[in-house]
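Below you'll find the structure, written out as structure tokens, and then a few comments.
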Amino acid sequence: MPEGPELHLASLYVNKMCEGVVFSGAVRKSEVSKSPDVPFTCDAYRITATSRGKEVKLTLTPMKSDEPKQRAKAGQAVQPMDIVFRFGMSGFFRFTGEDELPKHAHLRFYSKEKPCRVLSFVDARRFGSWHPNGTWQAGRGPCIMFEYESFRENVVSHLSDRAFDRPICEVLLNQKYFNGIGNYLRAEILFRLNIPPFVPARAVLESLESEDLFGNQKPVKNEISDTKKKAAKSGVKQETADLLRLCHTVPLEVVNLGGKGYDPQKADYSGFEAWLQCYYVDGMKSIRDHNGRTMWFNGEAGPLAPKDSKSPKAKKRAKKEDDHDYTDKKKAARSRSESTAKKKVKQEGVTKTPKKEKEAGSTRKKTEKTREINTPQRETRTNARTRKSSSAETTAGPKRQNVRGTR
DNA sequence: CGTCCACGTCTAC
DNA sequence: TAGACCTGGACGG
């Protein structure tokens, strides 16, 4: 559940599932977890959640009592407690019966009912963490989704920061400025603007203005959206002007998909999978960035691309450097807003699909065969996607939404 | 069986 | 700028 959209969806999930539920007793932690104990015990309390970028905050609120003093004496909580969570690579919340706790449920809140139910923070890899009596982590910037104006201002007013010396794709993962952007979002955002991932960040951002002069059509929910009539300078570069705005709108698209966002294990993953245009999409290229993270993109990598075999895996794969001819035959959708359509593919074997593409665009086939067949001739598909995914069952459930044309 | 890969931070050389 | 921190699914032999 890791990027901004998933964290926000998690907060919506908690609020929906826990609405009207009365929790009771102590908060329990698994034996194996290294995160701190949560010193909160209360006979009756509620749980609500909010999110900001890549963090979720749960608020435990004791229910009103006629004898607060007595309760305090008994060691019962009187004041609300906030717990801030980071999800690492695999964290999420789940509300289940006490007898069906998920594996890796490392922090649990028990309801007061007879057959009680439990809100669990589940995290298989344990890279996630929680902080009792915590606050939003200092150093993380404003939320890209719900603090858009301040997020934008924070970036535009700090372009002299050395942090912007780096490639734009790496800067997009800097949570001090892009709180909520993660690996799939950076790929999707840069892809839509056709911005080479390894271009100096400052060069891409410095032409932007502190205020969003382009996206006024749609009011930015949650923020002042006051009518900035300032006529947009006709000379400003539209493409760059869109970058910060896309850092806001693209994540919100995921929230509005209604699913759970990135979660290959879930049945409703197909909707999200269909939404992806670049990340892990068959036919796209990928390289390991300077931090070892896989950057998915299309077209040029950009001048700051890691030299030679920078990727650990690339080395191993390098052995199979036979390919060439990765002519994406299925990529007939690259009709994005092309401003400069110059194809000056210069980079050599730096990119390619990390996995062996010996098998014509294989990577994750298998289930695809079937899938393609099942896929309605929606022809105009923006992209031919091919991933494994467990959602194979077309129509896994009655709630399958029609494959809405992306967008 | 083993290797590679994954939605992210953290902190030690 | 490397590891470290973890589990588990996909895939290869």
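Values reported hereafter were calculated over all heavy atoms of this structure, with side chains retained and with hydrogens, waters and symmetry mates removed. All values derive from a computational prediction rather than experimental measurement. Chain A is the first sequence line, chain B the second, and so forth, proteins listed ahead of strands; every chain is numbered from 1.
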Per the 3.5 Å Watson-Crick/G-U criterion and a run length of at least three, the stems involving DNA chain B are B:1-6 with C:7-12, B:8-12 with C:1-5
Without decimals, in angstroms, what is the distance between A:K176 NZ and B:dC10 P? 15 Å
Do A:K176 and A:D161 sit within salt-bridge range, that is, some charged N less than 4.0 Å from a carboxylate O? yes
Distance, rounded to the nearest Å, where A:F85 contributes CZ and B:dT9 contributes P: 16 Å
Do the rings of A:Y177 and A:F164 sit parallel, tilted or perpendicular, given the 30° and 60° boundaries? tilted
Rounded to whole angstrom units, what separation is found between the CZ atom of A:F272 and the P atom of B:dA6? 14 Å
Phosphate contact (B:dT9 OP1 or OP2) by A:K54 side-chain N/O below 4.0 Å: yes
Taking the P atom in each of C:dC5 and B:dC13, what is the distance between them to the nearest angstrom? 12 Å
How about A:W130 and A:L107: do any of their side-chain heavy atoms sit closer than 4.5 Å? yes
Which residues in residues 98-107 of chain A have a heavy atom closer than 4.0 Å to any atom of DNA chain C? A:K103, A:H104
Find the distance A:F87:CZ to B:dG8:P and express it as a whole number of Å. 13 Å
note: A:E170, atom CD; C:dT1, atom C1'; distance rounded to Å ~ 11 Å
Strictly below 4.0 Å: does A:T294 bring a side-chain N or O up to OP1 or OP2 of B:dA6? yes
Give a yes or no on whether a salt bridge exists between A:D165 and A:R162, defined as a side-chain N under 4.0 angstrom from a carboxylate O. yes
Salt-bridge test for A:E98 and A:R117: reply yes if a basic N is under 4.0 Å from a carboxylate O, no otherwise. no
Which residue in the set A:L205, A:V171, A:N174, A:L208 passes side chain to side chain contact (heavy atoms under 4.5 Å, CB included) when paired with A:V155? A:L205
Counting only non-hydrogen atoms, which of residues 118-140 of chain A are less than 4.0 Å from DNA chain C? A:A124, A:R125, A:R126, A:F127
Hey, are A:R166 and A:E170 close enough for a salt bridge, meaning a charged N less than 4.0 Å from a carboxylate O? yes
May I have the distance from A:F178 (atom CZ) to B:dT9 (atom P), rounded to whole angstrom? 14 Å
Exactly one of A:R86, A:R140, A:E55 should register a side-chain hydrogen bond (donor to acceptor under 3.5 Å, both in side chains) with A:Q175. Which one does? A:R140
What integer distance in Å separates A:R86:CZ from B:dG8:P? 14 Å
Establish, with yes or no, whether the OP1 or OP2 oxygen of B:dT9 is under 4.0 angstrom from a side-chain nitrogen or oxygen of A:R293. no
Is A:E3 paired with A:R186 through a side-chain N to carboxylate O contact shorter than 4.0 Å? no
Taking the P atom of each, how far is C:dC6 from B:dA12, in whole Å? 14 Å
Is there a side-chain contact between A:Q175 and the phosphate of B:dG8, meaning an N or O under 4.0 Å from OP1 or OP2? no
Could you tell me whether the side chain of A:P142 reaches within less than 4.5 Å of the side chain of A:N179, counting heavy atoms only? no
Check for me whether the distance between the ring centres of A:H248 and A:Y148 falls short of 6.0 Å. yes
Given atom CH2 of A:W296 and atom C1' of B:dC5, what is their separation to the nearest angstrom? 11 Å
Salt-bridge present (A:K112, A:D43; N to O < 4.0 Å): yes
